[in-house]
Amino acid sequence: MTEKQESERKHGSEEIRMGVYVCHCGLNIAGSINCEQVSKFAATLPNVVLAKDNRYMCSDQGQELIKNDIREHKLNRVVVASCSPRLHEPTFRKACEEAGLNKYLFEMANIREQCSWVHLHDRKAATEKAEDLVKMAVAKAALCKPAEKIVVPVIRKALIIGGGVAGIQAALDLADTGYKVYLVEKEPSIGGRMAQIDKTYPTMDCSICILAPKMSDVGRHPNIELVTCSEVVDVKGYIGDFHVKVLKKPRYVTNDCTACGECAEVCPVINPNEFDVGLAIRHAIYTPFVQAVPSTYKIDMDLCLNKENIVICDKCIKTCEAHAINFEMKPETIELEVGTIIVATGADVFDPSSLPKYGYGKYPNVITSLEFERLINAGGPSTGHLVRLTDMQIPKRVAFIQCVGSRSKKSGRLYCSNVCCMNTIKDSLLIKEHWPETEIYVFYVDIRAYGKDFENLYQRARREGVRFIRGLPAEITEDTKTSNLWLVGENTLQKELYQINFGMVILSIGLEPREDSKKIQRLLTLSKTQDGFFMEAHPKLRPVDAATGGIFFAGCAESPKDIKDSVTQASAAAARAGILMAKGKVTVEAITPTCNHERCKACGLCVKACPYNALTLNEELKRIEIIEAACSGCGTCAAECPFGALTQKHFTDEQIFAQIDAVTEYNAEKKIVAFCCNWCAYAGADFAGVSRIQYPSNVRIIRTMCSGRVAPKFIERAFARGAATVLVAGCHLGDCHYIDANHYTQKRVERLWRKMEQEGLNKERLQLLWASAAEGERFASKIREMQPIIGEVTSREIERAKKAFEKVSSED
Amino acid sequence: MPVRTWRTPLDIEKIKRPKAEIHIIKDQCKGCGFCIRFCPKNVLEESDETNERGVHPPRVVDEDRCVLCSFCTSICPDFAIFVVEKQCKDGC
């Protein structure tokens, strides 16, 4: 098609010429639907110039048929009645585009998953329903407008939040590819948890020895700008164009620092060192550990004697030969512009003092696995000697307790922390290596040695005499004389009780979401799983992408994982971010909102409803501004607009009204008008079809991207047109594909229920369902449950509802 | 790093901290209270006794807390306080 013709079509003044194609899908559809009859029916509908039925529309031959007809019959709308649009919409859209028809002028009627497969034994009813579905698609198609995807440029710079091993790896990968990287770290040094650990499993490599070279690479890399002691405080913008504000706290030591350490020697203030889990001291001027990058020292102003610009103590200043200490440094806000963001904020460790039965915090010889790492580390506070903290002696018998803070309802963490089993096995071998005579017991629930070479390490520990006992101790008590610890519990394999005396107990603590991850969640509009870790866009197919475009996850921020998995995910995140930046642009589906500024009263309700901050209120001009690139196309804003000013492209109010009107044209008093979200409820209905779950045929599904698109006026329109019942179905709360848009669905339905009660209507006629894509049976049983409600609705009640909602729906 | 620290650091004994000896010339004090207010370790407090000038001079609360910053010496307008390092005979 030439550009001239294209522009003619865009102006839409021409007559609508629609082609309808009814697919047999072999016998999948034709087995229970009279396709020929449906096609003949379609030919009678307005704007339809030709209607055909065909064995396989998705075959090359079927697609050729469409293409030829578009050219030959000058079709400007195409409707295919076949399988689910979730399956073949892209196929047919492409065919249309190849014949020069804009893909948004194509529409589908789902007569397989949602008709023939779920009404296998009632040909008449199924055919009738298929006709309705085609009528709805035709009605919508007539109102479709051509549209182009929106193209947005991507800034070729990345921000990485968190400088643990995941952040380091992602930064190096992106920087080596050639992109500018800003690595923002909250602490004075990068390195994260891995720097604290002594050895790594299963290879028993020295952790800091393999990490330190990577850390220095980051410090030296010309493409990496390392920003330490800093936190992200504000993020604006969208995929490809994020505006980030970073608050950089002062170090009070300049880059002239040579890390000689003389200042710390003279500093009179001491405090437990967080890096050593409080087992060693540091001064107010310090570096967290020797290999720190940057190596520049830092003054902890919460501890330093100098306050509010009064220099009380100047010992460090006097000692520093490099004149690197500057108490006049101020916090500064750095503004960054980046195209992509990688969230590598890591995890916290579980605090076992919340479990009194293990006595952590009360008995000094009960330590955590993180404290163990510092004790066994040659550079640690005990120079690598695993000493009891009561008498500084090497214990003769040691116990490890697994799953502390994991897999337990009591501690509130139901998930497996992934790393503790192998960490314990590694730790037990480290003890055996240094003090072979030590007796080691591991109390466990299950030993999960699932990774490459993990089983080998487990078997090695068993061979070396580590004893594994299934059954966690019920209690730990201390022998006050010896400070030894008694463990009492049940060995569930031998079905016998044990009571054993230990010199030291190591609690294998789990990982949990970082306390401050809420802040990052809010700034980047991320979602979290039930466990509190960040949620990926798809657990199988997009495991490193956030739902918000241009944001990716690496490391423990997404879920607990070991070093290897963190590094793998970091490289994956870097590759995913790299794809966007290499292309230099992103395209956005043309299902974004449009605003009729004449109707808009700039009330700002839509701004609040948008889960992606894609709408802003321009206070000066009193109008709404839409950032299309940030929009994910849920349509919640459009449903929220009380003035009918906002609408969603390709899911306009008129189109959805047309579908409702088509459903309710005949026998409305026997039908269910169902609104289903694309990702969960519609997919669930499809799944019912795939599983051949049979349910009554009087339901007509209208697809929206999100249940948040379902405006109260749609429901009111259905009732005003005499529909017996209305079903609104979406993802489970917390599982919404548009962060939390379905909370709006709930609010709106609840409001309508109240209204129905006030009008004296049976509020059961409006049903709300949360169903996931896998819950076909849940969807089907809802339809079955609704049958008696329809049976009981009297014609008087129908009339009353018509009257109650007539006015509202005619306003638009 | 949000880590709860509750233990006594293992190397706390190894850190040699100079012990302070605080000298207050009570009758020279005019009771401005600067030393008490600005001491970063809150080593001093006002005493009950009255000196020659009719004011309450400071008193040492806990000498062990003093880190010998000597800020009190610097800010005392009346040269009434000074700190020296305690010379330990027993190797303290």
Side-chain angles (χ1 to χ4, degrees), chain A residues 186-189 192-193 195-196 264-284 288 303-308 310-315 346 348-349 351-354 360-362 364 367-368 370-371 374-375 380-383 385 387 389 392 514-516, chain B residues 1-24 32-45 58 60-88 91-92:
Chain A
K186 205 166 83 171
E187 301 294 329
S189 168
R193 294 275 173 219
Q196 284 182 290
E265 298 270 317
V266 296
C267 178
V269 187
I270 56 166
N271 195 60
N273 189 358
E274 295 84 349
F275 180 79
D276 283 313
V277 214
L279 289 167
I281 63 124
R282 66 168 172 86
H283 294 266
L303 295 176
C304 181
L305 302 176
N306 301 337
K307 296 273 146 66
E308 294 152 26
I310 305 170
V311 177
I312 288 175
C313 166
D314 59 356
K315 288 184 177 157
D348 276 342
V349 292
D351 179 0
S353 55
S354 59
Y360 180 79
K362 197 164 114 196
I367 67 170
T368 68
L370 195 60
E371 287 171 328
R374 294 316 302 151
L375 287 176
S382 59
T383 57
H385 292 82
V387 290
L389 296 170
M392 300 296 143
R514 282 193 82 106
E515 221 178 343
D516 52 5
Chain B
M1 242 171 251
V3 173
R4 208 178 67 105
T5 52
W6 61 283
R7 299 190 189 272
T8 315
L10 302 184
D11 51 354
I12 195 129
E13 302 296 329
K14 287 178 206 153
I15 303 294
K16 256 179 114 190
R17 297 173 61 196
K19 293 262 161 87
E21 210 174 274
I22 304 170
H23 298 271
I24 301 166
C32 69
F34 281 3
C35 55
I36 300 171
R37 219 167 86 205
F38 288 102
C39 174
K41 289 291 185 183
N42 301 320
V43 175
L44 304 164
E45 65 177 12
V60 175
V61 184
D62 181 359
E63 211 168 41
D64 276 356
R65 279 207 295 231
C66 177
V67 293
L68 281 135
C69 71
S70 293
F71 194 60
C72 47
T73 315
S74 316
I75 56 164
C76 179
D78 298 286
F79 309 103
I81 187 166
F82 64 96
V83 189
V84 292
E85 194 176 330
K86 204 181 258 177
Q87 295 306 315
C88 292
C92 61

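Below, chain A is the first sequence line, B the second, and so on; all start at residue 1. These figures come from a predicted structure and were not determined experimentally.
If you measure heavy-atom distances from A/V269 to chain B, the contacts under 4.5 Å come from the side chain alone. Both the backbone and the side chain of A/I367 come within less than 4.5 Å of a heavy atom of chain B. Residue A/P288: no heavy atom, backbone or side chain, is found under 4.5 Å from chain B. Using a 4.5 Å cut-off between heavy atoms, A/I270 touches chain B through its side chain atoms alone.
The salt bridge (charged side-chain N to carboxylate O under 4.0 Å, His left out) test with B/E63 is passed by exactly one of B/K86, B/K19, B/K41: B/K86.
Interface residues of residues 66-77 of chain B toward chain A, defined by a heavy-atom distance below 4.5 Å and sorted by number: B/V67, B/L68, B/C69, B/F71.
Of the possible donor and acceptor atoms, none in the side chain of A/R514 sits under 3.5 Å from a partner among the backbone N and O of A/G346. With A/D276 contributing its side chain and A/R374 its backbone, the two residues share no donor-acceptor pair below 3.5 Å. Looking at A/Q196, its side chain does come within 3.5 Å of a backbone N or O of A/F275 through a donor-acceptor pair. When atom types are taken as modelled, the side chain of B/D11 and the backbone of A/I281 share a donor-acceptor pair closer than 3.5 angstrom.
No other option in A/A280, A/C313, A/S382, A/P364 has as many heavy-atom pairs under 4.5 Å with chain B as A/A280. Counting heavy-atom pairs closer than 4.5 Å to chain B, the top residue among A/I310, A/N306, A/L305, A/I312 is A/I312. Annotation: maximal heavy-atom pairing with chain B below 4.5 Å, among A/L389, A/D516, A/V311, occurs at A/L389.
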TODO: Under the side chain to side chain contact (heavy atoms under 4.5 Å, CB included) rule, what do B/N42 and B/V61 come out as? Steps first, then yes or no, please.
DONE: CA-CA 8 Å; B/N42 301 320; B/V61 184; over 6 Å; no
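Within the 4.5 Å cutoff, the side chain of B/R37 has no heavy atoms near those of the B/L44 side chain.
To the nearest 0.5 Å, the span separating CG on A/L370 from CZ on A/R193 amounts to 6.0 Å.
Under 4.0 Å is where a charged nitrogen must lie from a carboxylate oxygen, and between A/R282 and A/E274 at least one such pair does.
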